[in-house]
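Notes follow the structure.
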Amino acid sequence: MHQPLPVSGAIVAEYLSLFRQQAPLVHCMTNDVVQSFTANVLLALGGSPAMVIEAEEAAQFSAIADGLLINVGTLTRSRADAMLSAVGAAVNANTPWTLDPVAVGGLTFRSEFCRRLLVSKPAAIRGNASEILALSGNVQHGRGVDSQHQAEAAIAAATQLARQTGAVVVVTGAIDYVTDGEQLLQVMGGSPLMTRVVGTGCALSAVVTGFTALAGDRLYAIASACRVMSCAGERATARSSGPGSFAPAFLDELWQLDAEVLA
Amino acid sequence: MHQPLPVSGAIVAEYLSLFRQQAPLVHCMTNDVVQSFTANVLLALGGSPAMVIEAEEAAQFSAIADGLLINVGTLTRSRADAMLSAVGAAVNANTPWTLDPVAVGGLTFRSEFCRRLLVSKPAAIRGNASEILALSGNVQHGRGVDSQHQAEAAIAAATQLARQTGAVVVVTGAIDYVTDGEQLLQVMGGSPLMTRVVGTGCALSAVVTGFTALAGDRLYAIASACRVMSCAGERATARSSGPGSFAPAFLDELWQLDAEVLA
Amino acid sequence: MHQPLPVSGAIVAEYLSLFRQQAPLVHCMTNDVVQSFTANVLLALGGSPAMVIEAEEAAQFSAIADGLLINVGTLTRSRADAMLSAVGAAVNANTPWTLDPVAVGGLTFRSEFCRRLLVSKPAAIRGNASEILALSGNVQHGRGVDSQHQAEAAIAAATQLARQTGAVVVVTGAIDYVTDGEQLLQVMGGSPLMTRVVGTGCALSAVVTGFTALAGDRLYAIASACRVMSCAGERATARSSGPGSFAPAFLDELWQLDAEVLA
């Protein structure tokens with residue numbers, strides 16, 4: 001693996017512009033904690049979120065959506081069944097789908113569920129280092145939802161996972177790494193304050209899902225999704241007094257983001 | 001159908017004052033995405049929200065609540081069963097109930113569920129144009145949760161639905177229309193920014209539910225609920241930098257709204 | 001019972017400092033309405049929230065968490081089963097667990113569930129006066145989630161409940177009372193505006209759960225949790241225009257709170 005490559009502001013601006021034009025319909029099957037924030041992030045960027053969770057409807061909907069997000073944060077058995085239906089229908093309809101393996105590693109049910117899903121060819125996988133290490137089978141345990149590892153420690157696992165599944169894999173941390181198993185991109189920015197607001201990672205996975213629906217190079221599209229979020233995050237942090245004022249500022253920054261700011 | 005009539009600020013102020021005095025207990029069976037925002041909107045207006053969802057408890061609670069909201073945004077089979085229990089108990093206890101048919105049309109399970117509920121005499125139905133058209137049987141398909149139609153296109157369907165069910169029907173859009181099948185009221189205001197914040201429509205349905213509990217003319221009470229929300233929305237938009245700062249500003253405006261502002 | 005004792009700012013600061021050092025992993029099994037706010041409150045204070053709800057996983061997780069919160073606000077039968085598994089595993093692993101008996105009294109299913117849980121030796125119980133009165137068997141009915149009683153009216157019931165269960169019992173209201181059945185502490189502060197924002201009480205229960213994990217005197221640790229929240233609440237109220245601007249200001253205040261402010 002070569003040195004990670006940066007992504008230029010011009011490329012990010014191009015994909016953001018495509019996203020706003022296409023306004024992808026993002027079918028979010030995500031955890032109960034972050035549903036509202038996830039929807040608001042997609043809306044602020046000009047996307048069209050929809051949360052549909054009953055098994056039959058979820059299958060119906062993932063076939064017409066532009067992308068499907070599977071986030072296992074508050075997985076239950078019935079939600080897992082609905083997710084399997086939705087992924088199956090998405091695969092049949094060529095709807096790209098994204099996996100967010102929240103807290104995989106330390107918890108058995110979700111770990112087995114996520115590993116089982118990997119055969120269904122996700123377009124993207126987004127997790128922190130501990131999650132990517134666990135999902136790729138390199139580490140068996142974890143504790144809670146926060147990463148016990150630096151993002152750098154999971155680059156090799158991410159590459160392996162990308163090759164094995166065909167997905168673009170994103171490892172987020174102080175620096176985000178994005179790989180398709182061949183190329184490796186890096187995305188700077190963001191701020192530690194973002195880890196003090198619930199759902200910034202989960203919302204990124206939803207934005208990644210939306211960007212998988214765009215024409216162009218999927219690797220660069222997904223890295224652009226990461227940069228859109230990290231750019232808004234660092235700008236919002238600069239004018240916040242804490243995690244409370246960060247959240248509205250972050251949504252405003254996503255709303256206002258343009259090529260000039262990204263350059 | 002005659003020309004739609006406006007509703008005066010004085011009437012809106014009167015119903016808002018009644019609402020604050022009575023502080024109706026609003027039993028919300030709503031979708032997972034908007035629960036927090038819905039509760040906060042009702043609290044900011046002086047109402048008393050409560051989310052009770054287990055079938056037996058939901059029936060027990062809807063009998064003592066002042067109004068019951070049924071919103072099918074994230075419907076599941078078990079939630080649908082609990083809603084049926086709650087609606088049954090509400091009808092027996094003469095608790096007015098409101099239907100928000102989120103995304104009805106494109107999704108089979110919820111569409112059949114909502115049509116089935118119509119025989120239980122809702123006091124109010126609140127949806128966007130696509131939802132009202134679909135619920136009344138005039139259009140079969142939809143895509144996602146956003147309306148594909150202008151509100152005006154659904155006035156005839158709303159009138160038909162009101163006559164068929166006995167409900168006051170609200171079609172929301174750039175202008176909101178409110179009808180009992182005979183009279184047609186229109187409510188101006190609001191702003192496009194409100195469509196970039198998840199739950200503004202769903203929260204309106206909860207406010208409508210609270211206003212169905214007030215003494216007086218239900219048609220005007222419900223139009224007043226719409227105007228309260230559109231007035232706070234346009235004022236919050238005027239001092240927002242985007243959808244992030246809109247949400248707290250909107251709640252503050254609801255909290256501060258008075259007769260002078262509404263006039 | 002003697003005169004309630006105040007808790008000094010120095011003691012509160014000490015426990016807050018311990019909390020930030022230890023960053024307890026708080027397993028929240030809470031209601032659907034307040035999940036996001038609860039997580040954000042814990043994150044703003046430096047804690048580590050995690051919401052895990054499937055029965056098998058919940059048991060696995062409560063055994064490794066530093067504290068477990070059971071909040072019955074939107075209880076369902078399957079969630080109740082998962083909570084029982086989690087509490088059982090917590091007891092076996094000596095993980096302290098906290099009960100928030102939302103709306104107990106008026107609703108049969110949750111009332112029986114909470115009474116059944118009392119034998120599993122909660123470390124803490126946090127409710128409003130109506131809930132504590134109902135849980136201790138002194139009042140049978142209630143209406144909605146707001147207290148029909150002043151906190152003072154439930155001091156005797158709280159004392160009885162503490163002696164019966166071994167828990168520290170918190171009755172919240174204009175003044176909060178905290179008792180282990182022998183000593184009684186009182187915590188001033190907060191503001192009426194906090195009752196117009198959904199989840200302030202539920203989030204307090206989550207913070208209490210985190211503070212039960214700290215070394216020291218559990219009674220004073222829990223009273224400190226109450227004071228941390230009431231102090232941030234009164235400061236946030238002072239710079240808010242309503243319940244909308246309160247919420248971000250409150251999280252910022254929690255983030256910034258230090259010994260100087262608490263003194």
Side-chain angles (χ1 to χ4, degrees), chain B residues 23-66 74 76 78-79 81-82 197 232 235-236 239-240 244-257, chain C residues 30-40 71-81 102-113 141-148 192-203 236-237 239-252:
Chain B
L25 183 57
V26 183
H27 180 187
C28 301
M29 298 186 80
T30 189
N31 71 70
D32 296 339
V33 190
V34 303
Q35 303 224 34
S36 174
F37 187 67
T38 299
N40 279 328
V41 162
L42 286 169
L43 287 169
L45 279 172
S48 181
M51 280 66 176
V52 176
I53 57 172
E54 193 272 331
E56 187 186 301
E57 283 196 348
Q60 210 175 356
F61 196 66
S62 69
I64 59 168
D66 296 311
T74 53
T76 59
S78 62
R79 193 62 60 89
D81 290 342
V197 177
R235 291 171 65 85
R239 54 190 190 84
S240 299
S245 45
F246 174 86
F250 180 63
L251 294 170
D252 283 357
E253 291 292 343
L254 289 172
W255 172 255
Q256 291 162 6
L257 211 59
Chain C
T30 190
N31 73 69
D32 296 339
V33 190
V34 303
Q35 303 224 34
S36 174
F37 188 66
T38 300
N40 279 327
N71 172 309
V72 299
T74 54
L75 198 65
T76 60
R77 280 171 197 280
S78 63
R79 192 62 60 91
D81 290 342
V102 179
V104 158
L107 295 164
T108 310
F109 179 65
R110 70 183 63 196
S111 300
E112 287 172 357
F113 178 72
H141 53 81
R143 185 169 187 270
V145 297
D146 298 321
S147 187
Q148 313 296 309
L193 193 58
M194 296 178 80
T195 66
R196 295 286 116 199
V197 177
V198 79
T200 51
C202 297
T237 298
R239 55 191 190 82
S240 298
S241 317
S245 44
F246 174 86
F250 179 64
L251 295 170
D252 284 356

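Chain identifiers are assigned alphabetically (A, B, ...) following the order of the sequence lines, protein sequences preceding nucleic acid strands; residue numbering begins at 1 within each chain.
Scanning for side chain to side chain contact (heavy atoms under 4.5 Å, CB included) contacts around B/Ala232 gives B/Phe250, B/Glu253, B/Leu254, with sequence neighbours left out.
A salt bridge links B/Glu56 to C/Arg77: at least one charged side-chain nitrogen sits closer than 4.0 Å to a carboxylate oxygen.
When every heavy atom of C/Ser241 is checked against every heavy atom of B/Trp255, the shortest pair comes out as O-CD1, 3.7 Å. Shortest non-hydrogen contact noted between B/Glu57 and C/Leu107 is OE2-CB, 3.6 Å. Residues C/Gly244 and B/Asp252 share a closest heavy-atom pair of N-OD1, 2.8 Å.
If you measure heavy-atom distances from C/Ser240 to chain B, you find no contacts under 4.5 Å at all. Heavy atoms closer than 4.5 Å to chain C are found nowhere in B/Ala247, neither backbone nor side chain.
Tested against C/Val197, the residues B/Leu43, B/Leu251, B/Asn40 include a single side chain to side chain contact (heavy atoms under 4.5 Å, CB included) partner, B/Asn40.
Not a single donor-acceptor pair under 3.5 Å links the side chain of B/Glu54 to the backbone N or O of C/Phe109.
Contact of the B/Met51 side chain with the C/Asp32 side chain is not registered, since no non-hydrogen atoms from C-beta on lie closer than 4.5 Å.
For the set C/Thr195, C/Thr108, C/Leu193, the entry with the most heavy-atom pairs within less than 4.5 Å of chain B is C/Thr108.
Between atom CD of residue B/Gln35 and atom CG of residue C/Asn31 there is a gap of 8.0 Å, rounded to the nearest 0.5 Å.
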Side chain to side chain contact (heavy atoms under 4.5 Å, CB included), that's the test. Do C/Arg110 and B/Val52 meet it? Break it down for me.
CA-CA 10 Å; C/Arg110 70 183 63 196; B/Val52 176; 4.0 Å; yes
